[in-house]
Peer 1: 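If you scroll down you'll find the structure; I have some questions about it.
None of these values were measured; they are calculated from a predicted model. Throughout, protein chains are lettered first and strands after them, A, B, ... in sequence-line order, and every chain is numbered starting at 1.
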Amino acid sequence: MTKSLLRPDQPLRLVDTFPPSAPAHQAIIRVEDLSIVFDAPSGQVIAVDRVSLTVVQGEFVSIVGPSGCGKSTLLNAMAGLERPFEGQVLIAGEAMRVPRPEIGMVFQQPHLFPWKSVRRNIAHGPRALGKPKAEALRIADELIEMIGLTRFASAYPHTLSGGMQQRVAIARALANQPRVLLMDEPFGALDAQTRAVMQDNLLELRERINATIVFVTHDIDEAILLSDRVLIMSAGPGRILRDLQVSLPRPRSSAIVADAAYLALKRDCLDLIRSEGRRAFEQMEVKA
Amino acid sequence: MSGGGRSSASATARLSVLVAVLSVPAFTGVWELVARSGIVNAVLFPPPSTVAVAILEWIRSGQFFADLTASLSRVVAGFAIGAAGGIVLGVLTGRFRLVSSLLSPLFHILRPIPPVAFVPIVILWFGLSETGKLFLVVWGVFFTVWLATHIGVQKVDRGLIRAAQMLGTPQPQMLWEIVLLGALPYITVGLRTAVSISFYTLVAAELAGAFAGIVYRIEIAQQNMQTGQVMGGLAALGLLSFVADRAFATLAERAVWWR
């Protein structure tokens, strides 16, 4: 895909560059020499191999790589859903061992509670954290308005389209006002048009919330369009190959695809991924 | 051509409705004829008319409702206790490996023993008391519901649990909301199976010795050679467990309310 997925009639509304104000330069996520190993029938598999990275407060960082490169595993470790084999993940100075409510997560599938209405799904987090019911529902109503689903507040998830469900999942993660929002290919299961609208929504949303976002995807266009930084991962074992700063001006729009800097960046990414893919493929053949 | 095909198809459909409506009356008619013809011994194999008279007499004497209440209360109480225990332990064994390691081997050994086989020991333990009958029904219901819940809990979408974890869901809410409701479609299947099992075990419990109940009435009638009453009892038992199953199926559909 060489064209931006954004539709021209839906221009991005975005402030200029990410504000590099004083507290913004503080690292909020620190991944230190992280390795994650899985037990497989064929022996141990290194999913993540001594990865170190830092994400600064307020930053939007994408992790791009082929399927099976360990990018989701890395994200799960940041979420506290995956235990490190070696090394650690520090968020706000504290090691992640179990999930913490100030870290929000959006998965590839919405994973909404099917027995709860949209409103109750979003109110789940605040309720779980012991907020009074009235307050939890007020938070939910605010978020429902923000994602534009007011008409569907009392609908059950199975009556919604995939894109709407994913919007609810994002709102549900935001209801706990997370400091960090982790997103694991959140638009990967959506059709191209819905995905474009969702990317647009996410860019707008980012202006309203004050969260650091780590976004896993295999779509380079999506990564460049959304991010301040793109990390490119290699497969088997999962490592970070390159850390690219996306210094394209904001607000960004679909016109970005014509930008020479965008194209250069994308070519860089593609070359890296292609040569890496070839290497991994040859490695596989040698093994076989 | 297609019109002819359609009309012959609808004729077949109409005929099968007619046959379905007439099935039971026709069967009853044949039964009546055979029983009265002298081919079989009418004392051992009474015609439906005799059975109907016996049922009416049973109702008129007031014993029917006493028997019905006795049997139903055993089934309902046994079902409630067995199902509640099965669900609670099923959630625990399904969710916690240690609890499962402790209890599952034991349950898997006890589960295949037919509840009827426990009648002798139950009589030794509880005599002819209601406790013994309750024990048998609970026993039958418990293992079915436990297994269905255990499997259902293990099949709960991992993504739902992870999502709930990320939102800070405390452990009790995780168990009794996310896991329990996630497994509910499986649990309702187990509960429905347990409804018919509770009637099987009721039979064993009342045959073992009782002072009222539908199966007790069947046994007494058998001892007095009242075959009409015996068959009336069987019909009542069949109808009762049929109604219970249908009622439960309707209830189960509503239990999974989000579908």
Side-chain angles (χ1 to χ4, degrees), chain A residues 72 75-76 78-82 96-118 120-131 136 154-160 165-166 168-178 180-184 189, chain B residues 83-84 87-88 90-91 94-98 100-101 145 148-149 151-192 248-259:
Chain A
S72 291
L75 199 73
N76 283 340
M78 292 184 194
L81 291 171
E82 207 72 73
M96 291 303 296
R97 303 195 175 282
V98 289
R100 300 200 318 240
E102 82 249 36
I103 320 295
M105 178 107 165
V106 178
F107 302 87
Q108 183 171 3
Q109 300 299 325
H111 293 313
L112 299 177
F113 305 121
W115 52 84
K116 287 187 173 201
S117 65
V118 165
R120 303 261 165 180
N121 258 286
I122 300 174
H124 180 96
R127 284 296 282 155
L129 298 187
K131 291 225 166 85
S154 49
Y156 281 90
H158 76 276
T159 63
L160 306 180
Q165 288 188 25
Q166 201 56 297
V168 177
I170 293 171
R172 183 177 64 174
L174 292 177
N176 279 347
Q177 292 173 297
V180 173
L181 184 61
L182 306 172
M183 306 183 90
D184 189 1
Chain B
I87 289 172
V88 169
V91 167
R95 184 85 180 121
F96 301 111
R97 189 177 283 185
L98 200 65
S100 180
S101 303
V145 176
T149 309
I151 291 171
V153 165
Q154 291 185 323
K155 298 216 168 177
V156 173
D157 182 4
R158 259 179 81 74
L160 277 188
I161 291 175
R162 289 190 151 196
Q165 277 178 329
M166 291 308 299
L167 293 168
T169 312
Q171 186 64 258
Q173 194 187 0
M174 183 69 96
L175 279 185
W176 306 117
E177 184 191 327
I178 310 298
V179 170
L180 184 65
L181 290 182
L184 194 59
Y186 284 87
I187 297 174
T188 52
V189 172
L191 288 175
R192 192 174 167 189
F248 193 85
T250 315
L251 209 71
E253 251 165 54
R254 295 199 183 178
V256 189
W257 71 87
W258 58 90
R259 286 204 165 160

Peer 1: Could you tell me whether the side chain of B/Leu160 reaches within less than 4.5 Å of the side chain of A/Pro114, counting heavy atoms only?
Peer 2: yes

Peer 1: So which part of B/Ile178 gets closer than 4.5 Å to some heavy atom of chain A, the side chain, the backbone, both or neither?
Peer 2: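 Contact with chain A is through both the backbone and side chain of B/Ile178.
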
Peer 1: A quick test of your reading: do over 12 heavy atoms of other residues, nucleotides or ligands sit less than 6.0 Å from CD of A/Gln177?
Peer 2: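 No, not enclosed.
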
Peer 1: Would you indicate whether the side-chain heavy atoms of B/Met166 and A/Leu81 approach each other to under 4.5 Å?
Peer 2: yes

Peer 1: Relative to chain B, which of A/Lys116, A/His124, A/Met105 shows the most heavy atom pairs under 4.5 Å?
Peer 2: A/His124

Peer 1: Decide yes or no for A/His111 and B/Ile161: does some side-chain heavy atom of the first lie under 4.5 Å from some side-chain heavy atom of the second?
Peer 2: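 Result no, sub-4.5 Å side-chain heavy-atom pair not found.
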
Peer 1: Is it the case that more than 12 heavy atoms not belonging to A/Arg100 sit under 6.0 Å from its CZ atom?
Peer 2: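 Yes, enclosed.
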
Peer 1: For the residue pair B/Asp157 and A/Phe113, establish whether any side-chain heavy-atom pair is separated by less than 4.5 Å.
Peer 2: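 SC-SC contact between B/Asp157 and A/Phe113 ruled out.
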
Peer 1: So which atom in A/Ala128 and which in B/Gly168 form the shortest heavy-atom distance, rounded to 0.1 Å?
Peer 2: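 Where A/Ala128 meets B/Gly168 most closely, the heavy atoms are CB-O, 3.8 Å.
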
Peer 1: Please state whether the side chain, the backbone, both or neither of B/Gln173 comes within less than 4.5 Å of a heavy atom of chain A.
Peer 2: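 Contact with chain A is through the side chain of B/Gln173 alone.
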
Peer 1: Please determine whether a side-chain nitrogen of the Lys or Arg among B/Glu177 and A/Arg127 lies less than 4.0 Å from a carboxylate oxygen of the Asp or Glu.
Peer 2: no

Peer 1: On a heavy-atom basis, which atom in A/Ala173 and which in B/Leu167 lie closest, and how many Å separate them?
Peer 2: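 Smallest interatomic distance, heavy atoms only, reads CA-CD2, 4.3 Å.
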
Peer 1: Report yes or no: does A/His158 contribute a side-chain atom to a donor-acceptor pair with the main-chain N or O of B/Trp258 at less than 3.5 Å?
Peer 2: yes

